[in-house]
Peer 1: 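Can you read through this structure? Questions will come right after.
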Amino acid sequence: MDLTAIAKVKEDGVKALEKASSLKEIQGVYNFYLAKKGAFQPLLAVLKDLSSEEKSQYGKALNEAKTLLSELYKKRLKDFEKTALEEKLAQEKIDLSLPGRDYKSGHRNPFWLIVDEVSDIFLSMGFEIAEGSDYETDHANFELLNIPPDHPSRDMQDTFYFDAVHLLRTQTSAAQAHEMQKRLDKGPIRIISPGKCYRRDDDDMTHSHQFGQIEGLVIGKGISMADLKGTLDVFAKRMFGAKREIRLRSSYFPFTEPSVEVDVSCAKCGGKGCNMCHGSGWIEILGAGEVHPNVLRMGGYDPDLVSGFAFGVGIERVAMLRYGIDDIRRFYQNDVRFISGFEGEERRNGR
(Lines give C-alpha, C1' and ligand atoms only; values in the text may rest on other atoms or scores of the structure.)
Protein backbone atom coordinates (compact mmCIF):
# COMPACT_ATOMS: atom_id res chain seq x y z
CA MET A 1 0.00 0.00 0.00
CA ASP A 2 1.53 3.35 -1.13
CA LEU A 3 0.32 6.56 0.51
CA THR A 4 2.71 8.87 -1.37
CA ALA A 5 0.08 9.68 -4.05
CA ILE A 6 -2.31 10.94 -1.38
CA ALA A 7 0.45 13.02 0.24
CA LYS A 8 1.40 14.48 -3.15
CA VAL A 9 -2.20 15.57 -3.95
CA LYS A 10 -2.54 17.03 -0.45
CA GLU A 11 0.73 18.97 -0.71
CA ASP A 12 -0.06 20.33 -4.19
CA GLY A 13 -3.57 21.26 -3.13
CA VAL A 14 -2.37 23.22 -0.09
CA LYS A 15 0.15 25.13 -2.21
CA ALA A 16 -2.48 25.91 -4.84
CA LEU A 17 -4.97 27.17 -2.25
CA GLU A 18 -2.37 29.37 -0.57
CA LYS A 19 -1.20 30.72 -3.92
CA ALA A 20 -4.70 31.64 -5.17
CA SER A 21 -5.16 35.42 -5.32
CA SER A 22 -8.80 35.83 -6.33
CA LEU A 23 -12.24 34.28 -5.97
CA LYS A 24 -12.00 32.99 -9.53
CA GLU A 25 -8.66 31.30 -8.90
CA ILE A 26 -9.68 29.67 -5.65
CA GLN A 27 -12.84 28.34 -7.27
CA GLY A 28 -10.66 26.82 -9.97
CA VAL A 29 -8.51 25.11 -7.30
CA TYR A 30 -11.64 23.70 -5.68
CA ASN A 31 -12.88 22.32 -9.00
CA PHE A 32 -9.51 20.69 -9.71
CA TYR A 33 -9.01 19.01 -6.32
CA LEU A 34 -12.30 18.76 -4.43
CA ALA A 35 -15.03 18.54 -7.07
CA LYS A 36 -16.78 15.22 -7.73
CA LYS A 37 -14.39 14.36 -10.56
CA GLY A 38 -11.35 16.10 -9.06
CA ALA A 39 -7.83 14.88 -8.25
CA PHE A 40 -9.01 12.60 -5.41
CA GLN A 41 -11.29 10.58 -7.71
CA PRO A 42 -8.52 8.37 -9.20
CA LEU A 43 -7.18 7.67 -5.68
CA LEU A 44 -10.51 6.13 -4.68
CA ALA A 45 -10.15 3.49 -7.40
CA VAL A 46 -7.21 1.95 -5.47
CA LEU A 47 -9.47 0.87 -2.60
CA LYS A 48 -10.90 -2.14 -4.43
CA ASP A 49 -7.47 -3.79 -4.62
CA LEU A 50 -6.60 -3.42 -0.90
CA SER A 51 -7.19 -5.71 2.05
CA SER A 52 -9.59 -4.76 4.82
CA GLU A 53 -6.79 -3.50 7.07
CA GLU A 54 -5.14 -1.55 4.26
CA LYS A 55 -8.47 -0.05 3.23
CA SER A 56 -8.88 1.33 6.74
CA GLN A 57 -5.44 3.01 6.73
CA TYR A 58 -5.73 4.21 3.13
CA GLY A 59 -9.24 5.55 3.58
CA LYS A 60 -8.24 7.39 6.75
CA ALA A 61 -5.33 9.10 4.98
CA LEU A 62 -7.57 9.97 2.05
CA ASN A 63 -10.27 11.51 4.25
CA GLU A 64 -7.73 13.49 6.27
CA ALA A 65 -6.27 14.96 3.08
CA LYS A 66 -9.67 15.92 1.69
CA THR A 67 -10.75 17.41 5.04
CA LEU A 68 -7.56 19.48 5.28
CA LEU A 69 -8.03 20.91 1.78
CA SER A 70 -11.75 21.53 2.38
CA GLU A 71 -11.11 23.46 5.60
CA LEU A 72 -8.35 25.50 3.99
CA TYR A 73 -10.60 26.22 0.97
CA LYS A 74 -13.43 27.45 3.23
CA LYS A 75 -11.07 29.70 5.18
CA ARG A 76 -9.53 31.26 2.08
CA LEU A 77 -12.96 31.62 0.43
CA LYS A 78 -14.27 33.47 3.49
CA ASP A 79 -11.26 35.82 3.38
CA PHE A 80 -11.82 36.61 -0.30
CA GLU A 81 -15.55 37.20 0.19
CA LYS A 82 -14.86 39.54 3.11
CA THR A 83 -12.33 41.49 1.02
CA ALA A 84 -14.75 41.71 -1.91
CA LEU A 85 -17.52 42.99 0.37
CA GLU A 86 -15.23 45.62 1.90
CA GLU A 87 -14.21 46.81 -1.56
CA LYS A 88 -17.86 47.01 -2.66
CA LEU A 89 -18.87 48.94 0.45
CA ALA A 90 -15.96 51.34 -0.07
CA GLN A 91 -17.09 51.98 -3.66
CA GLU A 92 -20.73 52.47 -2.66
CA LYS A 93 -20.01 54.53 0.41
CA ILE A 94 -22.55 57.29 1.04
CA ASP A 95 -21.40 60.56 2.52
CA LEU A 96 -24.15 61.28 5.03
CA SER A 97 -22.86 64.81 5.52
CA LEU A 98 -23.96 65.79 1.99
CA PRO A 99 -27.42 67.31 1.52
CA GLY A 100 -30.07 64.91 0.17
CA ARG A 101 -31.40 65.05 -3.36
CA ASP A 102 -35.01 66.06 -3.83
CA TYR A 103 -36.51 64.09 -6.69
CA LYS A 104 -39.79 65.65 -7.75
CA SER A 105 -42.17 63.57 -9.83
CA GLY A 106 -43.96 65.34 -12.65
CA HIS A 107 -47.68 65.63 -13.28
CA ARG A 108 -49.86 64.14 -15.96
CA ASN A 109 -51.14 66.24 -18.82
CA PRO A 110 -54.92 66.82 -18.47
CA PHE A 111 -55.25 65.21 -21.91
CA TRP A 112 -54.33 61.83 -20.39
CA LEU A 113 -56.40 62.44 -17.27
CA ILE A 114 -59.47 62.73 -19.50
CA VAL A 115 -58.49 59.67 -21.56
CA ASP A 116 -58.24 57.59 -18.39
CA GLU A 117 -61.50 58.88 -16.92
CA VAL A 118 -63.52 58.45 -20.12
CA SER A 119 -62.03 54.98 -20.59
CA ASP A 120 -62.98 54.03 -17.02
CA ILE A 121 -66.56 55.16 -17.61
CA PHE A 122 -67.01 53.08 -20.76
CA LEU A 123 -65.12 50.08 -19.38
CA SER A 124 -67.61 50.04 -16.50
CA MET A 125 -70.39 49.79 -19.12
CA GLY A 126 -68.84 46.70 -20.70
CA PHE A 127 -66.86 48.33 -23.51
CA GLU A 128 -63.41 47.15 -24.59
CA ILE A 129 -60.51 49.38 -25.64
CA ALA A 130 -59.25 48.91 -29.22
CA GLU A 131 -56.28 51.12 -30.06
CA GLY A 132 -55.36 51.74 -33.67
CA SER A 133 -52.35 53.21 -35.47
CA ASP A 134 -51.71 56.86 -36.27
CA TYR A 135 -50.25 55.65 -39.59
CA GLU A 136 -53.18 54.56 -41.75
CA THR A 137 -54.25 53.79 -45.29
CA ASP A 138 -56.65 55.91 -47.30
CA HIS A 139 -58.85 52.83 -47.64
CA ALA A 140 -59.32 52.34 -43.88
CA ASN A 141 -59.43 56.03 -42.98
CA PHE A 142 -61.91 57.07 -45.67
CA GLU A 143 -63.32 54.44 -48.02
CA LEU A 144 -64.36 51.86 -45.40
CA LEU A 145 -66.17 54.71 -43.63
CA ASN A 146 -68.30 55.54 -46.68
CA ILE A 147 -66.07 58.40 -47.84
CA PRO A 148 -65.02 57.63 -51.46
CA PRO A 149 -62.18 59.55 -53.16
CA ASP A 150 -64.47 62.24 -54.62
CA HIS A 151 -66.56 62.80 -51.47
CA PRO A 152 -66.78 66.52 -50.47
CA SER A 153 -66.35 65.73 -46.74
CA ARG A 154 -62.69 64.97 -47.46
CA ASP A 155 -62.13 68.72 -47.76
CA MET A 156 -62.88 69.05 -44.04
CA GLN A 157 -60.43 66.27 -43.24
CA ASP A 158 -57.38 67.38 -45.19
CA THR A 159 -54.47 65.61 -43.52
CA PHE A 160 -50.79 64.77 -43.89
CA TYR A 161 -49.93 62.22 -46.60
CA PHE A 162 -46.84 60.03 -46.89
CA ASP A 163 -47.81 58.97 -50.42
CA ALA A 164 -51.00 58.38 -52.40
CA VAL A 165 -51.99 55.50 -50.13
CA HIS A 166 -50.67 56.20 -46.62
CA LEU A 167 -51.53 59.09 -44.32
CA LEU A 168 -51.87 60.26 -40.71
CA ARG A 169 -55.40 59.31 -39.68
CA THR A 170 -58.01 62.05 -39.46
CA GLN A 171 -60.25 60.13 -37.05
CA THR A 172 -59.98 57.14 -34.76
CA SER A 173 -62.90 55.58 -36.68
CA ALA A 174 -60.18 53.96 -38.79
CA ALA A 175 -59.46 51.68 -35.83
CA GLN A 176 -63.14 50.73 -35.77
CA ALA A 177 -63.02 49.71 -39.44
CA HIS A 178 -60.19 47.30 -38.61
CA GLU A 179 -62.00 45.96 -35.55
CA MET A 180 -65.19 45.30 -37.54
CA GLN A 181 -63.26 43.10 -39.96
CA LYS A 182 -61.25 41.45 -37.18
CA ARG A 183 -64.31 40.62 -35.06
CA LEU A 184 -66.56 39.48 -37.92
CA ASP A 185 -68.60 36.39 -36.89
CA LYS A 186 -67.32 36.69 -33.30
CA GLY A 187 -70.44 38.14 -31.76
CA PRO A 188 -71.50 41.69 -30.81
CA ILE A 189 -68.99 44.57 -30.82
CA ARG A 190 -68.74 47.13 -28.01
CA ILE A 191 -65.48 49.10 -28.19
CA ILE A 192 -63.94 52.53 -27.72
CA SER A 193 -60.87 53.72 -29.61
CA PRO A 194 -58.85 56.49 -27.95
CA GLY A 195 -55.96 58.12 -29.76
CA LYS A 196 -54.48 61.02 -31.71
CA CYS A 197 -55.80 62.35 -35.01
CA TYR A 198 -54.32 64.81 -37.49
CA ARG A 199 -55.90 67.40 -39.79
CA ARG A 200 -54.75 70.56 -41.50
CA ASP A 201 -56.77 72.65 -39.09
CA ASP A 202 -55.15 75.17 -36.74
CA ASP A 203 -56.98 78.39 -37.50
CA ASP A 204 -57.72 79.45 -33.92
CA MET A 205 -57.27 78.60 -30.26
CA THR A 206 -59.99 75.93 -30.36
CA HIS A 207 -58.40 73.96 -33.23
CA SER A 208 -55.08 72.22 -33.67
CA HIS A 209 -53.37 70.21 -36.42
CA GLN A 210 -53.27 67.33 -33.94
CA PHE A 211 -55.98 66.44 -31.47
CA GLY A 212 -57.38 63.50 -29.55
CA GLN A 213 -60.55 61.53 -30.08
CA ILE A 214 -62.31 58.71 -28.29
CA GLU A 215 -64.69 57.00 -30.67
CA GLY A 216 -67.17 54.34 -29.68
CA LEU A 217 -68.75 51.57 -31.71
CA VAL A 218 -71.54 49.13 -30.83
CA ILE A 219 -72.81 46.51 -33.31
CA GLY A 220 -75.35 43.80 -32.61
CA LYS A 221 -78.95 42.79 -33.16
CA GLY A 222 -81.60 45.44 -32.50
CA ILE A 223 -79.23 48.30 -31.59
CA SER A 224 -81.17 51.57 -31.86
CA MET A 225 -80.87 55.30 -31.30
CA ALA A 226 -82.46 54.75 -27.89
CA ASP A 227 -79.42 52.65 -26.92
CA LEU A 228 -77.14 55.42 -28.17
CA LYS A 229 -78.94 58.12 -26.18
CA GLY A 230 -78.99 56.02 -23.01
CA THR A 231 -75.26 55.28 -23.28
CA LEU A 232 -74.33 58.92 -23.87
CA ASP A 233 -76.63 60.10 -21.08
CA VAL A 234 -74.74 57.88 -18.61
CA PHE A 235 -71.44 59.18 -19.96
CA ALA A 236 -72.48 62.85 -19.67
CA LYS A 237 -73.74 62.50 -16.12
CA ARG A 238 -70.64 60.67 -14.90
CA MET A 239 -68.29 63.01 -16.76
CA PHE A 240 -69.90 66.41 -16.14
CA GLY A 241 -72.22 65.86 -13.16
CA ALA A 242 -75.40 64.04 -12.21
CA LYS A 243 -77.59 67.06 -13.07
CA ARG A 244 -76.38 67.33 -16.66
CA GLU A 245 -78.81 66.54 -19.46
CA ILE A 246 -78.15 65.81 -23.13
CA ARG A 247 -80.02 66.62 -26.32
CA LEU A 248 -79.64 65.23 -29.83
CA ARG A 249 -79.73 67.52 -32.88
CA SER A 250 -80.01 66.27 -36.43
CA SER A 251 -76.72 66.46 -38.34
CA TYR A 252 -74.75 64.73 -41.10
CA PHE A 253 -71.76 62.37 -41.08
CA PRO A 254 -70.90 60.09 -44.02
CA PHE A 255 -70.49 57.03 -41.80
CA THR A 256 -73.75 57.27 -39.80
CA GLU A 257 -77.41 57.48 -40.79
CA PRO A 258 -79.24 59.09 -39.09
CA SER A 259 -76.57 61.36 -37.60
CA VAL A 260 -76.79 63.69 -34.60
CA GLU A 261 -74.82 66.32 -32.75
CA VAL A 262 -74.92 65.75 -28.99
CA ASP A 263 -75.12 68.71 -26.60
CA VAL A 264 -74.82 68.72 -22.82
CA SER A 265 -76.58 71.24 -20.60
CA CYS A 266 -74.25 74.02 -19.49
CA ALA A 267 -72.71 73.36 -16.08
CA LYS A 268 -72.13 77.06 -15.42
CA CYS A 269 -75.72 78.29 -15.82
CA GLY A 270 -77.65 75.04 -15.50
CA GLY A 271 -79.19 75.50 -18.94
CA LYS A 272 -80.45 79.08 -18.37
CA GLY A 273 -77.97 80.72 -20.74
CA CYS A 274 -74.63 82.44 -20.10
CA ASN A 275 -71.45 83.59 -21.83
CA MET A 276 -69.96 80.08 -21.67
CA CYS A 277 -72.81 78.51 -23.68
CA HIS A 278 -73.40 81.70 -25.71
CA GLY A 279 -76.83 82.09 -24.18
CA SER A 280 -78.21 78.78 -25.46
CA GLY A 281 -77.94 76.76 -22.26
CA TRP A 282 -76.27 73.91 -24.20
CA ILE A 283 -72.70 73.03 -25.22
CA GLU A 284 -71.85 70.69 -28.08
CA ILE A 285 -69.61 67.81 -26.98
CA LEU A 286 -69.68 65.09 -29.66
CA GLY A 287 -71.12 63.67 -32.86
CA ALA A 288 -72.90 60.33 -33.16
CA GLY A 289 -75.45 58.28 -35.04
CA GLU A 290 -76.57 54.86 -36.27
CA VAL A 291 -73.85 53.07 -38.25
CA HIS A 292 -74.48 53.62 -41.96
CA PRO A 293 -75.63 50.47 -43.84
CA ASN A 294 -72.80 50.97 -46.35
CA VAL A 295 -70.24 50.91 -43.52
CA LEU A 296 -71.77 47.69 -42.20
CA ARG A 297 -71.64 46.08 -45.64
CA MET A 298 -68.02 47.09 -46.27
CA GLY A 299 -67.14 45.70 -42.84
CA GLY A 300 -68.70 42.35 -43.79
CA TYR A 301 -72.00 42.72 -41.91
CA ASP A 302 -75.57 42.39 -43.20
CA PRO A 303 -77.51 45.59 -42.28
CA ASP A 304 -80.75 43.58 -42.48
CA LEU A 305 -79.56 41.39 -39.60
CA VAL A 306 -77.53 43.74 -37.39
CA SER A 307 -77.37 47.43 -36.61
CA GLY A 308 -75.21 49.65 -34.43
CA PHE A 309 -74.28 53.10 -33.28
CA ALA A 310 -71.06 55.09 -33.24
CA PHE A 311 -69.93 58.28 -31.54
CA GLY A 312 -66.81 60.40 -31.35
CA VAL A 313 -65.82 62.77 -28.56
CA GLY A 314 -62.87 65.17 -28.66
CA ILE A 315 -60.51 64.62 -25.73
CA GLU A 316 -59.35 68.22 -25.55
CA ARG A 317 -62.93 69.41 -25.98
CA VAL A 318 -63.99 67.51 -22.85
CA ALA A 319 -60.92 68.70 -20.93
CA MET A 320 -61.53 72.33 -21.89
CA LEU A 321 -65.13 72.13 -20.67
CA ARG A 322 -64.23 70.15 -17.57
CA TYR A 323 -61.33 72.34 -16.43
CA GLY A 324 -62.10 75.69 -18.05
CA ILE A 325 -59.08 75.64 -20.37
CA ASP A 326 -59.29 78.45 -22.91
CA ASP A 327 -56.76 77.38 -25.57
CA ILE A 328 -56.29 73.90 -27.08
CA ARG A 329 -52.64 74.68 -27.80
CA ARG A 330 -51.85 74.59 -24.09
CA PHE A 331 -52.07 70.79 -24.19
CA TYR A 332 -49.05 70.61 -26.51
CA GLN A 333 -46.77 73.39 -25.26
CA ASN A 334 -45.12 71.33 -22.47
CA ASP A 335 -45.50 74.22 -20.05
CA VAL A 336 -44.82 72.82 -16.58
CA ARG A 337 -46.79 75.64 -14.99
CA PHE A 338 -49.88 74.56 -16.90
CA ILE A 339 -49.52 70.82 -16.23
CA SER A 340 -48.69 71.22 -12.53
CA GLY A 341 -52.06 72.90 -12.02
CA PHE A 342 -53.77 69.51 -12.32
CA GLU A 343 -52.03 67.85 -9.37
CA GLY A 344 -55.31 67.84 -7.44
CA GLU A 345 -57.10 66.10 -10.31
CA GLU A 346 -54.45 63.35 -10.26
CA ARG A 347 -55.08 62.72 -6.58
CA ARG A 348 -58.86 62.85 -7.05
CA ASN A 349 -58.70 60.24 -9.80
CA GLY A 350 -56.20 58.10 -7.91
CA ARG A 351 -53.62 58.36 -10.70
Peer 1: Atom CE of M298 and atom CD of E143: how far apart are they, to the nearest 0.5 Å?
Peer 2: 8.5 Å
Peer 1: When rounded to the nearest 0.5 angstrom, what distance separates CZ in F127 from CZ in R190?
Peer 2: 6.0 Å
Peer 1: Given R249 and E284, is the salt bridge (charged side-chain N to carboxylate O under 4.0 Å, His left out) satisfied, shown in steps?
Peer 2: CA-CA 10 Å; R249 292 182 290 107; E284 178 188 328; 3.7 Å; yes
Peer 1: For the pair F235 and F122, name the ring-plane relationship: parallel under 30°, tilted 30 to 60°, perpendicular over 60°.
Peer 2: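 If you compare the ring of F235 with that of F122, the planes turn out parallel.
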Peer 1: Check the orientation of H166 and Y135. Use parallel for under 30°, tilted for 30 to 60°, and perpendicular for over 60°.
Peer 2: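 Parallel.
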Peer 1: Could you pull out the closest heavy-atom pair between P194 and I129, with the gap in Å?
Peer 2: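 Looks like CD-CG2, 3.9 Å.
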Peer 1: Taking the six-membered ring for Trp, is the centroid-to-centroid distance between F160 and Y198 below 6.0 Å?
Peer 2: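 No - the distance between ring centres of F160 and Y198 does not fall below the 6.0 Å cut-off.
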Peer 1: Please test K237 against D233 for salt bridge (charged side-chain N to carboxylate O under 4.0 Å, His left out), starting from the C-alpha separation and ending with a verdict.
Peer 2: CA-CA 6 Å; K237 283 178 166 54; D233 186 59; 3.0 Å; yes
Peer 1: OG of S21 to CZ of R76: how many Å apart, nearest 0.5 Å?
Peer 2: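 Going from the OG atom of S21 to the CZ atom of R76 covers 8.5 Å.
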Peer 1: Less than 4.5 Å apart, any side-chain heavy atom of I219 and any of Q176?
Peer 2: no
Peer 1: To the closest 0.5 Å, what do you measure between CD1 (I328) and NE2 (H209)?
Peer 2: 10.5 Å
Peer 1: What's the separation between atom CD in Q27 and atom OH in Y73, rounded to the nearest 0.5 Å?
Peer 2: 4.0 Å
Peer 1: Report yes or no: does N146 contribute a side-chain atom to a donor-acceptor pair with the main-chain N or O of P254 at less than 3.5 Å?
Peer 2: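 It does hold such a pair.
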Peer 1: Donor-acceptor pair, T137 side chain versus V165 backbone, under 3.5 Å?
Peer 2: no
Peer 1: Check the side chains of E245 and S265 for a donor-acceptor pair under 3.5 angstrom, ignoring hydrogens and angles.
Peer 2: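 No, because no side-chain N or O of S265 sits under 3.5 Å from a partner of the opposite role on E245.
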Peer 1: What pairs with K75 under salt bridge (Lys or Arg N to Asp or Glu O under 4.0 Å), at least two apart in sequence or on another chain?
Peer 2: D79
Peer 1: Determine yes or no for a side-chain-to-main-chain donor-acceptor pair under 3.5 angstrom, with E261 supplying the side chain and S251 the backbone.
Peer 2: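 Such a contact is absent between E261 side chain and S251 backbone.
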Peer 1: Which is it for E81 and K78 under the salt bridge (charged side-chain N to carboxylate O under 4.0 Å, His left out) test, yes or no, and what are the steps along the way?
Peer 2: CA-CA 5 Å; E81 289 177 341; K78 188 175 182 180; over 6 Å; no
Peer 1: Using atom types as modelled and distance alone, determine if a side-chain donor or acceptor of R322 lies under 3.5 Å from a backbone N or O of M239.
Peer 2: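 Yes.
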Peer 1: Same cluster or not: L123 versus V313, using hydrophobic residues (I, L, V, M, F, W, Y) connected whenever any side-chain heavy atoms lie under 4.5 Å apart?
Peer 2: yes
Peer 1: Using the rule that Ile, Leu, Val, Met, Phe, Trp and Tyr join whenever any side-chain heavy atoms are under 4.5 Å apart, tell me whether L77 and L68 fall into a single cluster.
Peer 2: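 Shared cluster, yes.
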